[in-house]
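Just so we're on the same page: letters track the sequence lines, and every chain starts at 1.
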Amino acid sequence: MTIVRLGFVAMSVNLKNCSPSQTMTYAQFQRLKDREAAIEKLGRISASNLENCLRIIKHNAGHDIQFFRFSSKLIPLANHPEIKDFNYLRTLREPLHELGNWVSKTKMRVDFHPDHFVLLNSPKPEILNTSLRTLSMHEALLRGMNVPHEHRCVIHVGGAYNDKEKALEQFIHNWGFVPVKIQNMLMLENDDTTFTLQDTLYLCEKLAVPLVFDYHHHLANHEKDSNWSRHWDRVAASWDHSSLPVKMHISSPRSERDFNAHAEFVDPELFMSFLSEIKGSVPQIDCMIEAKQKDDALFQLMEQMCSFPEVEKIDGASFLLK
DNA sequence: CCAAGTCAAGTCAGA
DNA sequence: TCTGACTTGACTTGG
């Protein structure tokens, strides 16, 4: 028996005027003559993003959805090197607290997935530093919400830099410069062009980091004759020391031609074929749906899953695999 | 009012 | 060595 929970990413297509990712570019910021007013505006946009994020959390709770990925754009320009005087943690103390209270009250599993510019394996110190700044911002937001930081932030391995083996070793080298708190916050995901499941497992086992298996990425990028299920026990084992259930990503190719892009919805057959292979191997698995139609893709999959005989609905977006 | 263009970041393929 | 595609949603600008 395995419990399966579904989650979705960042925003709801059902809630109107509810973007958690409103923004201000640095170019816009600079155009404002009054710096103090510009920083106040950053605060107002951030507060509105957090308020909208809270609306989404409540919407989730109302639909028994217990898994959600925060937008990484909650705080515009949060780690811009020229705007160090924007003390967003202090400015947003209250709304962060409230958001965190609701997360804890609704027992929502929340995490982050910073964009692909966070590159811990970069050979350039300045890019590593920028990446660490971005990760610190994510850690600070979790702290502001009183959400335990452990295993709340998933990233990719990074660039290949013309030599994949060397790039993997560079990751291990750079890991030594990553503060322990940030190390503990991270999970690693196999990607769709460079680092396969096996590459990522190598790092996860070496560095004791949980692996987030992306099934779609695996289909797009794997070794010859690679059968993911042969490695599944290792994936599950990477979560042995986590207080959180195993996490994975699911999405479907947009088309054969545009294989790596995410489709509007998730193909239930593809998803179920995955689930039947891992059934019983772990007590619980949380599946993050990465589809263009966000929560609507989740709602559709929820409906479709009920038609499979081995699936029993617990409530909302939680199921039992028999 | 809608469509097209811009913004941010780093990598990588191709010129 | 440089340029543009890649990706994403929000936002601005042009018609």
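- Under the 3.5 Å distance criterion, with hydrogens and angles disregarded, no donor-acceptor pair is assigned to the side chains of Asn190(A) and Asp199(A).
- Here Tyr161(A) reaches the OP1 or OP2 of dT11(B): one of its side-chain N or O atoms lies under 4.0 Å away.
- Of the charged side-chain nitrogens involved, none lies within less than 4.0 Å of a carboxylate oxygen, so that Glu310(A) and Lys279(A) do not count as a salt-bridged pair.
- Side chain to side chain, Asp286(A) and Gln284(A) meet the donor-acceptor criterion of an N or O pair below 3.5 Å.
- At dC7(B), none of the side-chain N or O atoms of Gln28(A) fall inside 4.0 Å of OP1 or OP2 (strictly under the cut-off).
- A donor atom on one side chain and an acceptor atom on the other are found under 3.5 Å apart for Asn49(A) and Gln22(A).
- As rounded to whole Å, 20 Å separates atom P of dT8(C) from atom CD of Gln22(A).
- Within 4.0 Å of Ala160(A), counting heavy atoms only, lie sugar-phosphate atoms of the nucleic acid but no base atom.
- Listed nucleotides dA10(C), dT8(C), dG10(B) differ in distance to Arg254(A); the shortest reach to its side chain belongs to dT8(C).
- Put simply, Lys124(A) has no side-chain N or O that comes within less than 4.0 Å of OP1 or OP2 on dG10(B).
- Across the protein-nucleic acid pair, Phe117(A) atom CZ and dG9(C) atom C1' stand 13 Å apart, rounded to whole Å.
- Rounded to whole Å, the distance from CG on Asn129(A) to C1' on dG10(B) is 15 Å.
- Residue Ser19(A) has a polar side-chain atom (N or O) positioned under 4.0 Å from OP1 or OP2 of dA10(C).
- Between dT11(B), dC11(C), dT8(C), one nucleotide has an atom nearer to the side chain of Ser122(A) than all others, and that is dT11(B).
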